[in-house]
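Just below is one structure, and these are the notes that go with it.
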Amino acid sequence: MGTVNLIYDYFPELTEEQRERFARLEGLYREWNEKINVISRKDMDEFWVHHVLHSLAIAKIIRFAPGTRVMDVGTGGGFPGIPLAILFPEVNFYLIDSIGKKIKVVEGIRDALGLQHVRTEQIRVENVAEQQDFIVSRAVTAFPAFVKLIRGKIRKDSAHSLDNGVIYLKGGDFEEEIAPFRSKVKIYSIPDFFSEDFFETKKIIYLKN
């Protein structure tokens with residue numbers, strides 16, 4: 001099942017404020033989940049591995065610089081956006097979802113934790129007008145369909161070791177899905193970073209803009 005100590009072990013450099021925010025996460029999600037169900041009961045029992053640690057896998061391939069603009073598409077209950085926002089307090093996060101009740105939960109969590117660098121909106125990604133440095137998501141649809149939805153929404157300029165682009169958390173076999181993008185895609189295997197069995201087939205797809 002895991003506890004918040006799992007996060008502390010993998011990210012020992014956390015500040016006291018970050019540790020405190022992570023420590024409050026499970027209680028806040030359980031409280032909100034009783035009002036608006038965004039995480040299944042079974043998944044809630046695996047909260048730290050399935051949701052928080054999985055989200056933070058992104059931080060193992062990139063350290064977002066202060067001022068970076070990151071949009072989480074189809075954020076659901078706030079993953080990967082909320083854990084990443086705790087880890088990167090100087091980064092501008094924009095969490096969107098087309099379902100209003102999910103955004104309500106995300107806003108409740110954000111406000112309780114004082115994450116003032118997190119914006120939320122109930123909106124479909126195709127209707128977002130502004131550009132971001134990175135777009136993150138947890139497998140909201142097949143990868144080619146996702147790339148089509150976010151086309152034109154990533155800035156050209158880049159200030160990171162990875163060029164601006166898409167960072168997509170996905171499991172299973174997706175070789176066919178990424179074939180059209182092979183020259184611009186890099187795949188990272190999450191078991192290279194985390195040892196839990198849950199991550200055995202989990203990958204990070206990075207698509208350069």
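Judged by distance alone, the side chain of S158 and the main-chain N or O of N164 form a donor-acceptor pair under 3.5 Å. With hydrogens and angles ignored, the 3.5 Å screen pairs no side-chain donor or acceptor of E121 with any backbone N or O of I96. Using a distance-only test at 3.5 Å, with no hydrogens or angles considered, no donor-acceptor pair links the side chain of R138 to the main chain of D72. Here the side chain of R110 pairs a donor or acceptor atom with the backbone of V118 at under 3.5 angstrom. Put simply, the side chain of T15 gets close to the backbone of Q18: a donor and an acceptor are under 3.5 Å apart. A donor-acceptor contact shorter than 3.5 Å is absent between the side chain of E90 and the backbone of A65. Distance alone, capped at 3.5 Å, places no donor-acceptor pair between the Q132 side chain and the I154 backbone. Under the 3.5 Å distance criterion, the side-chain polar atoms of N37 are matched with a main-chain donor or acceptor of I39.
To the nearest 0.5 Å, the span separating CG on D133 from CG on N92 amounts to 9.0 Å. Distance check, rounded to the nearest 0.5 Å: CD1 of I99 to CD1 of I36 gives 11.5 Å. Note: I82 CD1 to L113 CG = 7.0 Å, rounded to the nearest 0.5 Å. A distance of 9.5 Å separates CZ of F11 from CG of L6, quoted to the nearest 0.5 Å. Distance CZ/F199 to CG/L53: 4.0 Å, rounded to 0.5 Å. The line from CG of N33 to CG of L28 is 12.0 Å long, rounded to the nearest 0.5 Å.
For E130, the CD atom is densely surrounded, since the number of other residues' heavy atoms within 6.0 Å is greater than 12. Under a cut-off of 6.0 angstrom, the local environment of NZ in K104 is sparse, with at most 12 non-hydrogen atoms contributed by other residues, nucleotides or ligands. The environment of D197 atom CG is sparse: at most 12 non-hydrogen atoms of other residues, nucleotides or ligands sit within 6.0 angstrom. Around CD of E13, the count of heavy atoms belonging to other residues, nucleotides or ligands within 6.0 Å exceeds 12. Heavy atoms from other residues, nucleotides or ligands lying under 6.0 Å from NZ of K101 number 12 at most.
Following chains of ILVMFWY side-chain contacts shorter than 4.5 Å, one can reach V70 starting from I204, so the two form part of one hydrophobic cluster. Under the 4.5 Å side-chain contact rule for hydrophobic residues, L56 and W48 share a cluster. Hydrophobic clustering keeps I103 apart from I123 (ILVMFWY residues linked when any side-chain heavy atoms are closer than 4.5 Å, directly or through intermediates).
Using a 4.0 Å cut-off between charged nitrogen and carboxylate oxygen, K42 and E46 do not count as a salt-bridge pair. With respect to the salt-bridge test (charged N to carboxylate O, under 4.0 angstrom), the residues K203 and E177 do not qualify. Looking at D163 and K156, no side-chain N of the basic residue comes within less than 4.0 Å of a carboxylate O on the acidic one, giving no salt bridge. Under a 4.0 Å N-O distance rule, the pair E26/R30 qualifies as a salt bridge.
Using cut-offs of 30° and 60° for the angle between ring planes, the F64 and F88 rings count as perpendicular. Using a 30° and 60° split on the angle between ring planes, F146 and Y168 fall in the tilted class, from 30° to 60°. Between Y188 and F193, the ring planes are tilted. Angles from 30° to 60° get that label.
At a threshold of 4.5 Å between non-hydrogen side-chain atoms, the residues S195 and Y10 count as touching. Residues I7 and L14 meet the side-chain proximity criterion, which asks for heavy atoms closer than 4.5 Å. Side-chain contact check for L169 versus I190: some heavy-atom pair is nearer than 4.5 Å. Contact check for Y29 versus F47: side-chain heavy atoms found under the 4.5 Å cut-off. In this structure, L115 and I86 have side chains that are in contact, with non-hydrogen atoms separated by less than 4.5 Å.
Nearest heavy-atom pair, L84 versus S55, reported as atom, atom and distance to 0.1 Å: CD2-O, 3.8 Å. K184 approaches N209 most closely through the heavy-atom pair NZ-C, 3.7 Å. Scanning both residues, G78 and P83, for their nearest heavy atoms gives O-CD, 3.5 Å. Nearest heavy atom pair, residue K202 against residue P191, reads O-CD, 3.6 Å. The heavy-atom pair separating T141 from A145 by the smallest distance is OG1-CB, 3.9 Å.
By the 6.0 Å and 45° rule, K208 does not stack over the aromatic ring of F181.
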Problem set entry | Audit row: L25, I109, side-chain contact (heavy atoms from CB on, under 4.5 Å) steps and yes/no | CA-CA 8 Å; L25 264 190; I109 303 287; 4.1 Å; yes
For this session: Please report the C-alpha distance between R69 and R155 in whole Å, then the side-chain angles of each, then the deciding distance to 0.1 Å, and finally whether the side-chain contact (heavy atoms from CB on, under 4.5 Å) criterion is met.
Result: CA-CA 10 Å; R69 291 187 288 189; R155 295 172 63 215; 2.8 Å; yes
Exercise. Checking side-chain contact (heavy atoms from CB on, under 4.5 Å) for the pair D97/V106: CA distance, chi angles, key distance, verdict?
Worked result: CA-CA 10 Å; D97 202 285; V106 174; over 6 Å; no
Exercise. Could you walk me through whether R151 and E126 pass the salt bridge (Lys or Arg N to Asp or Glu O under 4.0 Å) check?
Worked result: CA-CA 9 Å; R151 187 166 290 139; E126 53 266 45; over 6 Å; no
Exercise. Passes side-chain contact (heavy atoms from CB on, under 4.5 Å), V128 versus V73? Steps please.
Worked result: CA-CA 10 Å; V128 173; V73 174; over 6 Å; no
Problem set entry | side-chain hydrogen bond (donor to acceptor under 3.5 Å, both in side chains) between Y8 and T3, worked out | CA-CA 9 Å; Y8 301 162; T3 68; over 6 Å; no
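A distance below 6.0 Å separates the ring centres of F134 and H160. Between F198 and H50, a ring centre-to-centre spacing shorter than 6.0 Å is recorded.
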